[in-house]
Amino acid sequence: DREFRAEVERFYAADDIEPERVAGVIAGIASHGGFRKTQAAIADYLERATASLVPFGNAPARAEFVAIADALVSAN
């Protein structure tokens, strides 16, 4: 909504790092679904990155990347 967007713009423009103000912005982002949408976008990027490594077979570096990607997607 416009009011929250304006609040976020003021927050960044003022470089305000008061804990209460930061908590308010974080709560607003959460209530508007920002974290859920971001997590979905990250999962999509990681899925595509993992798929692009298929030609590397079972190479140790590929396995390590897949493990990191899985940990990032499952972290909440």
Item checked: Pair Val25-Val8, side chain to side chain contact (heavy atoms under 4.5 Å, CB included): steps then yes or no -> CA-CA 7 Å; Val25 170; Val8 172; 4.3 Å; yes
Note to self: Determine whether Val73 and Ile42 satisfy the following criterion, side chain to side chain contact (heavy atoms under 4.5 Å, CB included), listing intermediate values before the conclusion.
What the structure shows: CA-CA 8 Å; Val73 171; Ile42 290 169; 5.5 Å; no
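Nearest approach of Phe35 to Ile26, heavy atoms of both residues: CE1-O, 3.5 Å.
Using a 4.0 Å cut-off between charged side-chain N and carboxylate O, Arg2 and Glu7 make no salt bridge.
When the side chains of ILVMFWY residues are joined at heavy-atom separations under 4.5 Å, either directly or via intervening members, Val66 and Val54 end up in two distinct hydrophobic clusters.
Side-chain contact between Leu46 and Leu72: present, with at least one pair of heavy atoms (C-beta onward) separated by less than 4.5 Å. Within the 4.5 Å cutoff, no side-chain heavy atoms of Arg5 are placed close to those of Arg10.
A distance of 8.0 Å separates OG in Ser31 from CG in Asp1, rounded to the nearest 0.5 Å. Atoms CG and CZ, from Leu53 and Phe65 in turn, are 6.0 Å apart once rounded to the nearest 0.5 Å.
Qualifying ring pair (Phe, Tyr, Trp, His ring centres under 6.0 Å) partners for Phe56, counting only residues two or more places apart in sequence or in other chains: none. A search for side-chain hydrogen bond (donor to acceptor under 3.5 Å, both in side chains) contacts involving Glu47 returns nothing, not counting sequence neighbours.
Within a 6.0 Å sphere centred on OH of Tyr45, other residues, nucleotides and ligands contribute 12 heavy atoms or fewer.
Listed by first and then second residue, the salt bridge (Lys or Arg N to Asp or Glu O under 4.0 Å) pairs that reach into residues 48-72 are Asp44-Arg48, sequence neighbours excluded.
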